[in-house]
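To start, the structure under review is shown below, and the notes come after it.
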Amino acid sequence: MPELPEVEAVVRTLRPLVEGQLIHCVHVFHPIALKPQPTSRLVELATDRCIQRVDRKGKYVLLRLDRGLVTLHFRLDGQLVWFTGAAELLGRANARKNGVHVDVAFEFGKGALGFADRRHFGRVHAWESPNDSSGLASLGIDALSTDFTVARLRELLAESVRPLKDFLLDQTRVAGLGNMYSCESLWHARLDPRRHAKSLKPEEVRRLHKAIVSVLARALECCLHPAPDFRDSQWWFQGLEKILRAYGREGEPCRRCGAAIQRIEQSGRSTYWCRRCQK
DNA sequence: AGCGTCTCCTGCAAGC
DNA sequence: TGCTTGCAGGAGACGC
Ligand SMILES: [Zn+2]
């Protein structure tokens with residue numbers, strides 16, 4: 001599932017393709033991807049507008065238009081697909097022969113961009129201002145931003161009694177971490193995911209901060225080499241398994257101490273961790 | 001205010 | 001082999 005590093009890699013790859021381009025036409029093949037907004041909202045806001053800049057906040061992609069903005073969220077399986085032009089888009093979108101799943105597409109002077117999520121969890125939303133999006137407006141500090149400091153993390157942790165794992169998943173505190181990189185950060189920081197956030201000592205806060213930053217930086221490097229290929233709808237990030245130390249490794253030996261990695265459930269989702277060396 | 005719980009949706013794995 | 005069943009998972013809505 002795309003978390004901060006994957007979304008950042010997508011954004012960097014997308015920039016040269018769409019920045020400065022005029023959106024001639026918006027196609028909404030599956031309106032569910034816009035829910036709860038009506039189709040008219042995106043069509044009216046984005047048609048004939050120019051994409052001035054592409055940004056990322058947490059796991060959101062922002063297409064900043066000359067008036068208003070479009071947000072993309074991939075949730076679990078969302079992805080982008082690039083077409084050479086309107087003809088290829090209309091010929092292949094959801095077609096039986098040589099088809100590609102496409103929920104929403106933007107047609108440019110040069111090329112066309114499709115948003116697709118076969119599970120229809122991902123969303124494309126249109127806003128007049130970033131503040132109109134409650135999801136965007138409530139995001140906490142982006143984990144890759146320079147504002148994400150040890151001091152800031154210490155303050156945030158001190159405000160929360162929730163288990164560390166739940167704290168890291170809360171996008172209103174630190175934005176960008178999902179299940180995978182939360183588990184990985186806690187493994188690198190040698191911290192028990194069940195610990196209350198406010199229980200961390202200063203030394204442990206420093207370790208967690210360092211772990212988050214380095215895990216994301218390493219993953220981003222991985223996500224950029226090779227960079228995403230929007231021309232291939234089957235494409236997905238390769239080689240991320242190689243850097244994983246806890247996530248998805250239930251029963252396998254901890255790379256630090258050799259004990260078996262455990263899987264437990266926290267707030268309805270899986271946490272992978274080493275019971276012996278995460279304290 | 002903040003936390004817990006339910007819901008969305010569908011590909012895929014597991015089971016028969 | 002082919003069908004059914006159940007599960008995963010990020011974020012928003014809702015309720016206490
Ligand atoms: Zn260990």
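Naming convention: chains lettered A, B, ... in sequence-line order (proteins, then strands); numbering from 1 in each chain.
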Indicate yes or no: does K57(A) engage D55(A) in a salt bridge with an N to O separation below 4.0 Å. no
Run the salt-bridge test on R162(A) and D170(A) with the 4.0 Å N-O cut-off and return the result as yes or no. yes
Looking for any heavy atom pair under 4.0 Å, which part of the strands does [X] touch: base, sugar-phosphate only, or nothing?
{"X": "G268(A)", "result": "nothing"}
{"X": "D77(A)", "result": "nothing"}
{"X": "F167(A)", "result": "nothing"}
{"X": "Y247(A)", "result": "sugar-phosphate"}

Want to settle it: does S138(A) or L76(A) sit nearer the 5' end of DNA chain C, counting the closest nucleotide to each? L76(A)
Comparing M180(A) with P36(A), nearest DNA chain C nucleotide closer to 5' gives the residue M180(A)
How are the rings of F74(A) and F115(A) set to each other: parallel, tilted or perpendicular (split at 30° and 60°)?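 Ring orientation of F74(A) relative to F115(A): parallel.
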Are any of the side-chain heavy atoms of M180(A) and L244(A) separated by less than 4.5 Å? yes
What is the 5' to 3' range of DNA chain C, first to last nucleotide, that sits under 4.0 Å from any heavy atom of chain A? dA8(C) to dG12(C)
Can you confirm if the aromatic rings of H101(A) and H30(A) lie within a centre distance of less than 6.0 Å?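 H30(A) vs H101(A): aromatic centres under 6.0 Å.
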Using a cutoff of under 3.5 Å, can you pull out all pairs of nitrogen or oxygen atoms linking the protein to nucleotides 2-8 of chain B, with atom names and distances?
none

Please give, in whole Å, the distance from dA1(B) P to L156(A) CG?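 Distance check: L156(A) CG to dA1(B) P gives 18 Å.
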Matching residue for N179(A) among R269(A), Q266(A), K165(A) - test: side chain to side chain donor-acceptor pair (under 3.5 Å):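 Of the listed residues R269(A), Q266(A), K165(A), the side chain to side chain donor-acceptor pair (under 3.5 Å) partner of N179(A) is K165(A).
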Mind jotting down which residue pairs meet the salt bridge (charged side-chain N to carboxylate O under 4.0 Å, His left out) criterion with at least one end in residues 218-245 of chain A? Sequence neighbours excluded, please. E88(A)-R231(A)
Is the cationic atom of R256(A) (NZ for Lys, CZ for Arg) positioned less than 6.0 Å from the six-membered ring centroid of W187(A) and within 45 degrees of its normal? yes
